[in-house]
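Data block below; observations after.
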There are 2 protein chains.
Amino acid sequence: MGRWERTHEALAQAALELFAEHGYDATATAQIAERAGVSEMTLFRHFSTKEALLLEDPYNPLIAAAVRSRPPGEPVMRTLVESIRQAWSRIDTEDATALRARLRIVAEATTLRGAVERNSGATVAALIDALADRGVAATEARVAATAVIAGLGVALLEWARSDRITLDTALDQALMVLGGA
Amino acid sequence: MGRWERTHEALAQAALELFAEHGYDATATAQIAERAGVSEMTLFRHFSTKEALLLEDPYNPLIAAAVRSRPPGEPVMRTLVESIRQAWSRIDTEDATALRARLRIVAEATTLRGAVERNSGATVAALIDALADRGVAATEARVAATAVIAGLGVALLEWARSDRITLDTALDQALMVLGGA
DNA sequence: CCCAGAAAAGTTAGTGACTAACATTGTGGC
DNA sequence: GCCACAATGTTAGTCACTAACTTTTCTGGG
């Protein structure tokens, strides 16, 4: 692990801790840099925005693969819903708790409303690509992908907040609704 | 029209002009205040954020009314899609051009990705209320409403950018996709 | 007409995210 | 060890937005 990766990790770690302790808004980027033992400027060289410190997961390209395996001629929304169901079917408990910790922070920060959607642009783009291979027009693909990802984001946030539902059932319910049931 | 409304309007007007001239990001709030003949502080007393200068339309409560008129037991996504179709069926050309002008600015500003969604929270809330009257659970309602509004937003942006499609057809296509066709 | 009192706007000083330009220090390949 | 370059530091700034406080402008009752 080179120097770059080490400070990168240190920054992400420090950010998570501080956000959990004092909340997102109440944590200054200067603090994060300090705890990571680094200057503020360096922080912004590693993460282009404060948001990125929280939301820098590479989201599953698994979904895109699943899209390509769906039967042809299927309605777009259904394709997406089923693909997500497939891709997320096996998320270990470990990842789930980590995800929950992050989403809790998002759920509590007013400033971050919409940050998830903005950040999921990469996921949407991947989905559009996969749909294009199936002959779906770009605009329709973008509409459907954005809608599904937005809906999914809401479901995940509610799951993270509630503490009463498993990730699986939360996803199932959301995908059912999005699929038109 | 009292003093408050006059400066309010002057600010919104100045913002639109400057955004159209130089783009959203390249326009400082200080400039807007100056053109409106007012201090920067006053600007923020009228509009809580820079975004609000662009996105301060009261979105149709018509949609919520339409939701309540749909047949019971209908799938949620279908209810929403049909309600929107109903509510937006008669938008005059005048409103359409104004809308287009605003959306063009949004489409060109990277910073504003997600701003529309964040701002449409009120619309989503209204839809959730209307759906609650029909016995739809809160989480499901939120998932569906967020998804539909997000998808709709994408369609509107593409329409504003393209210049080749009418608002009606853009909406039709999007709603069809969202409805599961 | 005048003069409280409130509504609207101004002033000043600051915070916090982010950027630009340039100087400095570590690190890995030869 | 040396050298190129990657990684970090420093400084000084811009811009959105806030807080505390003062001043101007309107408005209605005597």
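Since the model is a prediction, treat every value here as computed from it, not as a measurement. In the text below, chain A, chain B and the rest are named by the order of the sequence lines, each starting its count at 1. What's counted below: heavy atoms across the whole structure, side chains too, no hydrogens, waters or symmetry copies.
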Original post:
A:V38 or B:A30: which one's nearest nucleotide on DNA chain D is closer to the 5' end?
Top reply: A:V38

Subject >> Residue met sooner reading DNA chain D from 5', once B:R6 and B:M41 are mapped to nucleotides >> reply: B:M41

Original post:
Less than 4.5 Å apart, any side-chain heavy atom of A:M176 and any of A:V81?
Top reply: no

Think [X] has a side-chain N or O under 4.0 angstrom from the OP1 or OP2 of [N]?
X: A:S39; N: D:dG9; value: yes
X: B:T7; N: C:dA8; value: no
X: A:T49; N: C:dA17; value: no
X: A:T29; N: C:dG16; value: no

Original post:
Ignoring hydrogens and angles, are the base of C:dG28 and the side chain of A:R3 linked by a donor-acceptor pair under 3.5 Å?
Top reply: no

**OP:** For B:H46, report the nucleic acid contact type (base, sugar-phosphate, nothing); a contact means any heavy atom under 4.0 Å.
**Re:** sugar-phosphate

**OP:** For B:T27, answer base if it contacts any base atom (sugar-phosphate contacts may also be present), sugar-phosphate if it contacts only those atoms, and nothing otherwise; contact means non-hydrogen atoms under 4.0 Å.
**Re:** sugar-phosphate

Subject >> Closest-nucleotide ordering on DNA chain C, the 5'-leading residue of A:R45 and A:D25 >> reply: A:D25

Original post:
Of the candidate nucleotides D:dA16, C:dA8, C:dC18, which contains the atom at the shortest distance from the side chain of B:W4?
Top reply: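 Taking heavy atoms from C-beta onward, the closest nucleotide is C:dA8.
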
Original post:
Looking only at atom types and distance, does a side-chain atom of A:R142 sit under 3.5 Å from a main-chain N or O of A:A137, one as donor and one as acceptor?
Top reply: no

**OP:** If the plane angle is over 60° it's perpendicular, under 30° parallel, otherwise tilted; pick one for A:F47 and A:H8.
**Re:**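 If you compare the ring of A:F47 with that of A:H8, the planes turn out parallel.
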
Original post:
What integer distance in Å separates A:E40:CD from D:dG9:P?
Top reply: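 One finds 11 Å between P of D:dG9 and CD of A:E40, rounded.
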
